[in-house]
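Here the structure is laid out as C-alpha cells; the discussion comes afterwards.
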Amino acid sequence: PAPTPAPTPAPTPAPTAAPTPAPNSTGEPSAEEEYRIEGTIIMEVSTPASDACNDEDLEQAVLKSKAKVADVSESAVTVYCIAGDSSSSRRLAENNNITWRYRIIVGSEDQANDIVSLI
C-alpha cells in the first residue's frame, strides 16, 4: 500500500496583543489612576439656605473657584450643596449657613498631594 501522508497540523493561532488604549484627549484621569480630594466649605448666606443651595450661579462660582485654586479643569471638580448639617442642622439653618461638599479628581498622587497643600 501507498504511504499515507501525515495529517497537516491545524494552525495554532498566534497570541494577539491587546490594543493600545488611545491617549485621553480630555486630560481626565482614567479609572485606574484616579486620586480624589474631598472637602467641605461652610458658607453663611443672606438668603434662606435652601434658596442658596438652588442658586446655579453660586454653585458655578464655588466649582470654578475650587478648580482655579487646585489648578485643574472644571470637569475634574464636582460640588453639591447641603442646607444645614446633620450634626447641627437647626443651628446652621437658623443662621442661613450652607455646606458645600466638593470632590476633585486628578491622575497622580503627587498632584493630589500638591492640591491638598494648597487648599
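The model shown is predicted, which means the values in this text are computed figures rather than measured ones. What you see below is based on every heavy atom in this structure, not just the backbone, and it leaves out hydrogens, waters and symmetry mates.
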Fill in: Heavy-atom closest pair, residues Ser50 and Ala83
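Heavy-atom minimum between the residues: N-CB, 4.1 Å.
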Worksheet entry | Shortest non-hydrogen contact from Ser46 toward Asn96 |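 Closest approach of Ser46 to Asn96, heavy atoms only: O-ND2, 4.1 Å.
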Worksheet item: So with a 6.0 Å cut-off around CD of Glu56, is the heavy-atom count from everything else above 12?
Response: no
Restricting to side chain to side chain contact (heavy atoms under 4.5 Å, CB included), what partner residues turn up for [X], sequence neighbours left out?
| X | result |
| --- | --- |
| Lys64 | Gln60, Glu74 |
| Ser65 | none |
| Thr40 | Thr99, Arg101 |
| Asp55 | Asp57, Leu58 |

Below 3.5 Å, can you tabulate the donor-acceptor pairs from side chains in residues 112-119 to any protein atom, sequence neighbours excluded?
residue: Asn113; atom: ND2; partner: Glu109; partner atom: O; Å: 3.3
residue: Ser117; atom: OG; partner: Asp114; partner atom: O; Å: 2.7

Discussion item. Show me the pairs that pass disulfide bond (SG atoms under 2.5 Å apart) and involve residues 37-78, at least two apart or across chains.
Written reply: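 Non-adjacent pairs meeting disulfide bond (SG atoms under 2.5 Å apart): Cys53-Cys81.
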Would you compute the distance between atom [atom1] of [X] and atom [atom2] of [Y] and round it to the nearest 0.5 angstrom?
| X | Y | atom1 | atom2 | result |
| --- | --- | --- | --- | --- |
| Thr78 | Ile104 | OG1 | CD1 | 9.0 Å |
| Ile82 | Trp100 | CD1 | CH2 | 10.0 Å |
| Arg36 | Ile105 | CZ | CD1 | 5.0 Å |

Worksheet item: Does the side chain of Val62 reach to within under 4.5 Å of the side chain of Tyr102, using non-hydrogen atoms?
Response: no
